[in-house]
Novice: 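Here you go, one structure.
The residues of the chain are indexed from 1 along the displayed sequence.
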Amino acid sequence: SLSMPISREVVHDEIRQRDKTVISRGATIQGSCSQFSVSNGRSACTAICLYAASQLLPRMEEAPSSLTSNLIDSCVHLGVILYQDLTIPEEHTSVYDLWATEAFEAIIPSLDRGDTIVGRTSKSDFARCLNDATDFAVSQGNISIALVITKPPETILMMCKDATQGAPWFLFDSHGQQLDQENRAYIVQLDTMACATDALMRKFPHVHGLEGESLYAQQLNMFEAHPILLKCHEFKTRPNPPTIKDPRGIVGDAENQPTRQVFEDTEYFRDV
């Protein structure tokens with residue numbers, strides 16, 4: 001029951017514990033920061049994920065080694081900058097909100113967005129979500145797909161190069177995970193769609209005992225997902241990142257920056 005308010009500290013402690021089970025089971029790459037280590041980044045996860053989709057989707061056509069720790073850092077920092085430029089009064093924003101903002105006008109032209117997918121935090125609904133997104137990509141003449149998935153209070157990004165051929169999925173999480181002394185954003189590789197579904201269940205487990213509770217309580221077991229594609233005419237050519245001035249000296253395209261880390265082999269998710 002949620003008759004008593006749950007503190008932010010308790011929520012984030014539970015999130016950290018869940019993330020340990022997600023990230024410890026896949027080939028993982030981490031950046032050097034999370035959204036919480038960037039000024040004003042605490043509620044920027046949806047903006048970060050939408051920006052990350054525009055930068056990571058083109059690289060899904062390349063080897064996984066093109067997903068680097070520098071690229072993760074760039075997505076986090078520049079996503080926060082875009083979030084700071086928003087004129088939306090709400091602290092937490094949706095993809096639908098961001099799509100029409102001036103801050104994202106340099107990002108949106110290279111992307112297409114499918115219909116919002118809404119479901120409960122169940123294995124069947126997460127599997128349906130990934131399948132529906134794949135079907136949408138194929139219907140639009142694409143094979144690479146990204147999903148910006150929000151389950152309050154978090155938004156993450158799922159990506160796949162070609163789900164129709166059983167290619168791995170990737171989960172990007174700007175909230176970070178403390179595997180050592182630092183909390184760092186990460187991308188974890190998941191072998192199959194079934195593994196990706198399992199990862200979503202671990203990341204967003206169903207909270208039992210909410211039947212008959214308030215609408216707010218029931219919404220804790222709901223998620224929404226926005227399928228994101230590269231526009232077909234952009235599909236073979238990586239879109240140029242927007243020009244964003246950043247006092248930290250981080251630029252929009254981290255491709256030419258030195259690579260600090262590539263995927264570390266650990267045990268992948270396996271079908272259960």
Novice: For residues F172 and C75, determine if any side-chain heavy atom of one lies less than 4.5 Å from a side-chain heavy atom of the other.
Specialist: yes
Novice: Would you call I228 and D112 a side-chain contact if the rule is heavy atoms closer than 4.5 Å?
Specialist: no
Novice: Does any non-hydrogen side-chain atom of Q35 lie less than 4.5 Å from one of V38?
Specialist: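 V38 vs Q35: side chains apart.
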Novice: So, do D132 and C129 sit near enough that their side-chain heavy atoms are less than 4.5 Å apart?
Specialist: no
Novice: Is any side-chain heavy atom of L157 closer than 4.5 Å to one of L171?
Specialist: no
Novice: Centres of the F223 and F126 rings: under 6.0 Å?
Specialist: yes
Novice: Check this for me, if you would: do E224 and K151 make a salt bridge, where the nitrogen-to-carboxylate-oxygen distance has to be below 4.0 angstrom?
Specialist: no
Novice: Would you sort out whether S54 and F104 count as a side-chain contact (heavy atoms from CB on, under 4.5 Å), showing the intermediate values?
Specialist: CA-CA 11 Å; S54 74; F104 276 81; over 6 Å; no
Novice: Taking side chain as C-beta onward, heavy atoms only, is R42 less than 4.5 Å from F36?
Specialist: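 A side-chain contact exists here, since the closest heavy-atom pair is under 4.5 Å.
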Novice: Within a strict 4.5 Å, meaning less than it, do heavy atoms of the T150 and S94 side chains meet?
Specialist: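 Heavy-atom side-chain distance check fails, nothing below 4.5 Å.
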Novice: Any Lys/Arg nitrogen of D173 or K203 sitting under 4.0 Å from an Asp/Glu carboxylate oxygen of the other?
Specialist: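 So D173 pairs with K203 through a salt bridge.
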Novice: Decide yes or no for P168 and L190: does some side-chain heavy atom of the first lie under 4.5 Å from some side-chain heavy atom of the second?
Specialist: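 They are not in side-chain contact.
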